[in-house]
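Notes for the one structure printed next.
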Number of protein chains: 2
Amino acid sequence: MTTILADCKTKMTNLNLKAIDEQLRDAGLKPTRQRIAIADILFRDGHKHVSAEDLHEEVKKSNIHVSLATVYNTLHQFTTAGLLQEVSVDGAKTYFDTNTHEHQHFFLEDTNEVMDLEGISIDKDDIANVPDNMEIVRIDVVVRLREKSSKA
Amino acid sequence: MTTILADCKTKMTNLNLKAIDEQLRDAGLKPTRQRIAIADILFRDGHKHVSAEDLHEEVKKSNIHVSLATVYNTLHQFTTAGLLQEVSVDGAKTYFDTNTHEHQHFFLEDTNEVMDLEGISIDKDDIANVPDNMEIVRIDVVVRLREKSSKA
DNA sequence: ATTTGTGCAAATCGTTTGCATCTGA
DNA sequence: TCAGATGCAAACGATTTGCACAAAT
């Protein structure tokens, strides 16, 4: 009964590979080499914010080849499965957040970094003038930061 | 003393063309045919949210030819000059807002529309954990809306 | 006349897609 | 076996850029 799991164990740094495996199955996703590698990187440390490109770079460092297209696919599958959340902070790139709880973000304009910001929250009931055939999906708050000295 | 202003007056719907002219000059921008046409569309009615593509379509309807590249250039110049504000609501497109005061946005996920939302505001002093070499540039709040029935 | 802006088309960037091939159960 | 996943390269949409030409003062 050799599964891909056993095959991956040597390369993985995550202690609960089993959990990843189950999480993927629960999401209806076959736990493939690539998906396990990606999940391992995403979920082994604390919360992360990655772009597809970022993640692709990180995966390259492991011994498992994953194409950029697969990284994109996987990020979207994980998002649909509720394992990730998309963050819209700045036009160009899409960021994915491993923290799927209600929380907000700092965005560092100098470095294009995204950071979690817990603490503030806006009550949906405080929002006036919501058209009545509409419902609030989510309230996103982005606090844009800049280094104190820099002007541009 | 025939300036381009006189030349444009027949085509413009905006009553205070003079003001536009001055606004552009103040911003260090030559009041060209194209920039005046764009400014007229942007500022003649109430507050607007446009993408470059949107605006390009609108300008086409006037009798003044403006290339898409110039629309982009102009939007950025206006933004730098403080006449517009960029809005980051959803990955793909960048929206520009003629309302440069502090206010927040609704984003209609079904139609990709941006709407102003006045009323809520977050006090900068309420934000904890701002790294102390950083300052808050802006706090963006986006309330995402969806039609009540639709699931996707 | 000089400086600045504009138009076009090609280039770029992030992301998506089509399809042949491969993999995991 | 066989559905489902992957890789590649080409397609894509939004935005930018380079450069010759045009326009405003």
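Labels below follow one simple rule: chain letters A, B, ... track the order of the sequence lines, proteins then strands, and each chain is numbered from 1.
Between the NE2 atom of A:His65 and the P atom of D:dA5 there is a distance of 17 Å, rounded to whole Å. Following rounding to the nearest Å, A:Leu24 (CG) and C:dG24 (C1') show an atom-to-atom distance of 13 Å. Rounded to an integer number of Å, the gap from CG of A:Asn73 to C1' of C:dC22 is 15 Å. Here C:dG24 presents its P atom at 11 Å from CD1 of A:Ile64, a figure rounded to the nearest Å. As a whole-Å value, the separation of A:Glu86 CD from C:dT16 C1' is 13 Å. Note: CG (B:Leu55) to C1' (D:dT15) measures 15 Å, nearest angstrom.
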A:Asp140 and B:Arg144: CA distance, side-chain angles, deciding distance, salt bridge (charged side-chain N to carboxylate O under 4.0 Å, His left out) verdict: CA-CA 8 Å; A:Asp140 287 341; B:Arg144 289 167 195 284; 2.7 Å; yes
Verdict with reasoning, B:His49 to B:Phe107, per ring-ring contact (aromatic ring centres under 6.0 Å, His included): CA-CA 11 Å; B:His49 305 88; B:Phe107 180 65; over 10 Å; no
Stepwise salt bridge (charged side-chain N to carboxylate O under 4.0 Å, His left out) check, A:Glu109 with B:Arg138: CA-CA 11 Å; A:Glu109 299 202 327; B:Arg138 187 150 49 100; 5.3 Å; no
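A donor-acceptor contact shorter than 3.5 Å links the side chain of B:Asp54 to the backbone of B:Ser51.
Between the side chains of A:Glu113 and A:Thr111, at least one donor N or O lies within less than 3.5 Å of an accepting N or O.
Taking NE2 of A:His47 as the start and CG of A:Asp45 as the end, the distance is 11.0 Å to the nearest 0.5 Å.
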Between the protein and nucleotides 3-5 of chain C, list every N/O to N/O distance that falls short of 3.5 Å.
| from | atom 1 | to | atom 2 | distance (Å) |
| --- | --- | --- | --- | --- |
| C:dT3 | O2 | B:Lys30 | NZ | 3.3 |
| C:dT4 | O4' | B:Lys30 | NZ | 3.0 |
| C:dG5 | OP1 | B:Arg35 | NH2 | 2.6 |

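The only option from A:Val114, A:Leu117, A:Val141, A:Val143 that meets the side chain to side chain contact (heavy atoms under 4.5 Å, CB included) definition with A:His105 turns out to be A:Val114. Considering A:Leu75, A:Thr70, A:Val71 in turn, A:Val71 is the only one that fulfils the side chain to side chain contact (heavy atoms under 4.5 Å, CB included) rule with A:His56.
At least one side-chain nitrogen or oxygen of B:Arg33 sits closer than 4.0 Å to the OP1 or OP2 atom of D:dA24.
Using a cut-off of 4.0 Å between Lys/Arg side-chain N and Asp/Glu carboxylate O, A:Lys124 and A:Asp126 are scored as not salt-bridged. Taking 4.0 Å as the cut-off between side-chain N and carboxylate O, A:Lys60 and A:Glu57 count as a salt-bridged pair.
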Where protein sits on nucleotides 9-15 of chain C, one letter per nucleotide: B base, S sugar-phosphate only, - none, heavy atoms under 4.0 Å: -----SB
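Annotation for B:Asn112: atom CG counts as buried by contact number, over 12 foreign heavy atoms lying within 6.0 Å.
Five base pairs at each end of the helix from C:dA1-D:dT25 to C:dA25-D:dT1 define two local axes, and these are offset by 20° (rounded to 10°).
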